[in-house]
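Some notes on the structure that comes next.
Just so we're clear, the structure is a prediction, and the values are computed from it rather than from any experiment. The residues of the chain are indexed from 1 along the displayed sequence.
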Amino acid sequence: TPRLFPNSTATPRAKRKSNCRKPRPLSCSAATSPSPSASPTTTAGAAKAGSWRDLCGLNAWVVGDYYRLVSAVNALEPPLRRLSDEQLKGKTEEFRARLGRGETLADVQAEAFSVVREAARRTLGMRHFDVQIIGGAVLHDGCIAEMKTGEGKTLVSTLAAYLNALTGDGVHVVTVNDYLAQRDAEWMGRVHRFLGLTVGLIQAGMKSDERRANYMCDITYTNNSELGFDYLRDNLSRKKEQLVMRWPRPFHFSIVDEVDSVLIDEGRNPLLISGEDNREAARYPVAAKVADLLIEGAHYTVELKGNNIDLTEDGVTYAEMILGTNDLWDENDPWARFVTNALKAKEFYRRDVQYIVRNGKALIINELTGRVEPKRRWSDGIHQAVEAKEGLKIQADSVIVAQITYQSLFKLYPKLSGMTGTAKTEEKEFLKMFKMPVIEVPTNLPNIRVDLPIQAFATLRGKWQYVREEVESMFQLGRPVLVGTTSVESSEYLSDLLKSRNIPHNVLNARPKYAAREAEIIAQAGRKHAITISTNMAGRGTDIILGGNPKMLAKEIVEDNVLPFLSHDTPDVETEGESTSHKGLSKIKLGPSSLALLAKAAIMAKYVHKSESNEWSFQKAKSAVMESIEMSNTIGLEKLQERVAEVTEMYPLCDAIALAYATVLKDCEIHCFDEGAEVKTLGGLHVIGTSLHESRRIDNQLRGRAGRQGDPGSTRFMVSLQDEMFRKFNLDTEWAVRLISRITDGEDIAIESNAVVKQLLGLQINAEKYYFGIRKNLVEFDEVLEVQRKHIYSLRQVILSGDSESCSEQIFQYMQAVVDEIILGNVDPQKPPKTWDLAKLLDELASLGGNLLTGNKPKYIVNSCSYAVNSSDFEILCRNIQGDPRGRPTIIT
């Protein structure tokens, strides 16, 4: 059984003699050993105190309770191993039959988990650890499982997904992007397909028929934005045939991967479907020129925290003079909105920070993930203002047709769960918004990562200088380094600094030439001497394995040897990316059999290329190689050798590539294992953060790249008082600079003062509270829309999917409600009929009736009603109505 409290052996750091010092190289002993000044007694006491604190926590008791389920699953493992593949697959129908007879999911949970564990062992060669069984149970219970980086969250999801898919109502596994959704559907989907379940995948660009078929599968992998837009599009559909989700109940159970990113980080941005409005497009370039002429301080003031711009009186006068108008807010000639947006684009939206320009378009960079979001546009005219600032073609203004927040979307699931490595800091928000507790799942091995103290600098220059020096010292030691930056701009600035020192490195940011090679860059980020500069792209969904990822390295070797013979096309850097740098890395030694099979695959590729009448495109050639690699992962080595040895009329290109990959993979595994052991002795991966983010979770994600699965590692954050977050939240930088100047001899010297660090971390917590308020206000606003949205969307679905009789009944109910509202607004049953305003009542009904009440008809009805009101029979009728407990005055009409 794994240790429940892996962090209980942490030792206190020795007290430093000085608060300021230069960074020193971190050797293995520095990264993994306690300080010599910490006595064994003190260390043991700290460990014991930490253990008792953990033991008394609620989380420990909850996790301890799950170990009963683990014991039951482990007891079922030996008999399941004796089953044949067909017998194991037959368990799925057995479970469904038991559920049909009235048993619950809780009754079959232990058996189902054990079946999935055995299926994963047979198909993937991966057996769920005990702590992963706990993670699966947490997900099934509708909670958030917090699991550290590298603990196998992807594999954990198979347990809860399989169990809940047995009901036949559909399960959604939601990831943060298309790449992860496809990877998980292909990788984990092998387990589900082996057990007889159907697996679907939703990707951008799919047609309605494909989407409909994939949503009808037992388990569907998708990303959060595709799921949300499919829901909105379905509720804008005019025909039943256009619906793609499982109506009338499209939502049953969802597992949200990186749940904090989806529900917290993306919670500020509602999903919008918009139409186009081109009427004001010509005003944006003019407003951009006006903004260039206005001066901050004299003509307008800037409020960074709320991204607000306020024109001064001089600014208003100057802008009106330039535009030749008497009033910027004139309804017939409105300029205020355009000038304000142009100033916001000038001050708040920076190229290579908030957006990049590609193919004549301004594309948004998600500040939290570092990825480009080509389908997203800023609303309220901001995107058009940015396009005007950059001199691009102005796209049409957006008119919102449908919208929903991620919070409201995922509340539609009767049962919701999530998994992430960083959620505990936001547990209160998850409980308040979604009624989802966060359960910390223990690690399989103790975490021995060392988090070094934050270093603060007065200036940006000093910070970047120290970052460069620390990277250089790590490179000389041979330790791999991951440097986290907050923008494309800062990642490329640091890249230039390293180039000036001839330090080989790779860059990973939102630019296409880097982003397209994301998987390859991350695959070798844990190799000896590897230096990787990355935005937040390296923080989600990828593991950095010490020594390198053998599968990705083998794939790269096969592609390098085969693709040039299959296609002579030059790969497009925009889509395929720039080749990954291998400078400074050790060369992988391939055995004679690997070299021979690579040569054979290259000869066959050359023959196929010559025999084909049409030239292969680079994309087609790459797809063929990918299919071969996927086949190699599915079929065993012996089977591949048999297929290649068979005499066939056609050259077995795919089989040859698959066999070459399988053989090269073995060599890569040996190389990566040996190099990984060497990197561990050096101290493991060293992570450097170059700025505090607006949330502690984002910083913890970066820290979590080091020390995965019990590996050694270390982290260090270096921040400057000139960083954007501190300026945005009005830190008294002058006070901090004066304090640093007193402690140090210069502004460019690092300081680890507790007073400064405490002030900075307090500011970060204030930033979290501020953005929580924004999300809370957005949710409260959306709750008002939610009432109307539910009524309208449910009525639409009844009309689309129901028969004519039910549709007529729904319409008559709404007609009755409208008429009741009009009459109750003009007729008071408690007052005499003579006081009723019949003329106004008829006017409102006439406005609804259209052509039904035209000409002299309303006048005739009013006269008739007036005569009836004055009659004695009408008084008696009214008294009877007033006695009716329902009080329905529509009988009068």
Can you tell me how far [atom2] of [Y] sits from [atom1] of [X], rounded to the nearest 0.5 angstrom?
X: Ile533; Y: Asn509; atom1: CD1; atom2: CG; answer: 9.5 Å
X: Leu497; Y: Gln465; atom1: CG; atom2: CD; answer: 8.0 Å
X: Leu682; Y: Leu546; atom1: CG; atom2: CG; answer: 10.0 Å
X: His505; Y: Ile503; atom1: NE2; atom2: CD1; answer: 9.0 Å
X: Ser157; Y: Ile255; atom1: OG; atom2: CD1; answer: 5.5 Å
X: Ile521; Y: Leu482; atom1: CD1; atom2: CG; answer: 11.5 Å

Q) Run the side-chain contact (heavy atoms from CB on, under 4.5 Å) check on Asn59 and Glu440 step by step: do they pass? A) CA-CA 7 Å; Asn59 191 87; Glu440 292 180 273; 3.6 Å; yes
So, does [X] use its side chain to make a donor-acceptor pair with the main chain of [Y] at under 3.5 Å?
X: Gln709; Y: Leu445; value: no
X: Thr485; Y: Ser534; value: yes
X: Arg716; Y: Pro453; value: yes
X: Gln182; Y: Asn177; value: no
X: Ser691; Y: Val719; value: no

Q: Would you please test Arg121 and Glu118 for salt bridge (Lys or Arg N to Asp or Glu O under 4.0 Å) and show each step?
A: CA-CA 5 Å; Arg121 189 187 68 83; Glu118 179 61 20; 2.6 Å; yes
[Y] and [X], any side-chain heavy atoms less than 4.5 Å apart:
X: Val176; Y: Val262; result: yes
X: Thr154; Y: Met419; result: no
X: Asp723; Y: Ser720; result: yes
X: Glu151; Y: Val441; result: no
X: Lys600; Y: Leu659; result: no
X: His671; Y: Lys589; result: no
X: Glu559; Y: Tyr661; result: no
X: Asp699; Y: Gln764; result: yes

Could you verify whether a donor N or O on one side chain and an acceptor N or O on the other, from [X] and [Y], lie under 3.5 Å apart?
X: Thr486; Y: His693; value: no
X: Arg703; Y: Asn700; value: yes
X: Asn506; Y: Thr532; value: no
X: Arg479; Y: Ser714; value: yes

**Q.** Phe717, CZ: over 12 other non-hydrogen atoms inside 6.0 angstrom
**A.** yes
**Q.** Heavy atoms of other groups near Lys424 NZ, more than 12 under 6.0 Å
**A.** yes
Can you give me the closest heavy-atom contact between [X] and [Y], atom names plus distance?
X: Asn223; Y: Ala181; value: N-CB, 4.4 Å
X: Pro442; Y: Val63; value: CD-CG1, 3.7 Å
X: Asp257; Y: Asp184; value: OD2-OD2, 4.5 Å
X: Asp352; Y: Ile365; value: C-CD1, 4.3 Å
X: Ser628; Y: Ala658; value: O-CB, 3.3 Å
X: Val679; Y: Gly526; value: CG2-O, 4.0 Å

Q: Tell me, with the steps shown, if Gln701 and Glu258 meet side-chain contact (heavy atoms from CB on, under 4.5 Å).
A: CA-CA 11 Å; Gln701 288 163 17; Glu258 307 297 357; 5.7 Å; no
Q: Take Lys555 and Val558 through the test side-chain contact (heavy atoms from CB on, under 4.5 Å) and record every step on the way to the result.
A: CA-CA 5 Å; Lys555 169 179 167 288; Val558 170; 5.9 Å; no
Q | Qualifying salt bridge (Lys or Arg N to Asp or Glu O under 4.0 Å) pairs, either residue in residues 488-508, two or more places apart | A | Arg350-Glu489, Glu472-Arg501, Glu492-Arg511
Q: Could I get the full list of side-chain contact (heavy atoms from CB on, under 4.5 Å) partners for Cys668, not counting sequence neighbours?
A: Pro550, Leu553, Ala554, Ile557, Ile588, Val664
Q) Going through the distances and angles, do Arg117 and Asp130 end up as a salt bridge (Lys or Arg N to Asp or Glu O under 4.0 Å)? A) CA-CA 10 Å; Arg117 173 191 264 181; Asp130 287 355; 3.2 Å; yes
Q.
Between Asp711 and Leu685, is the side-chain contact (heavy atoms from CB on, under 4.5 Å) condition met? List the steps.
A. CA-CA 9 Å; Asp711 289 340; Leu685 177 69; over 6 Å; no
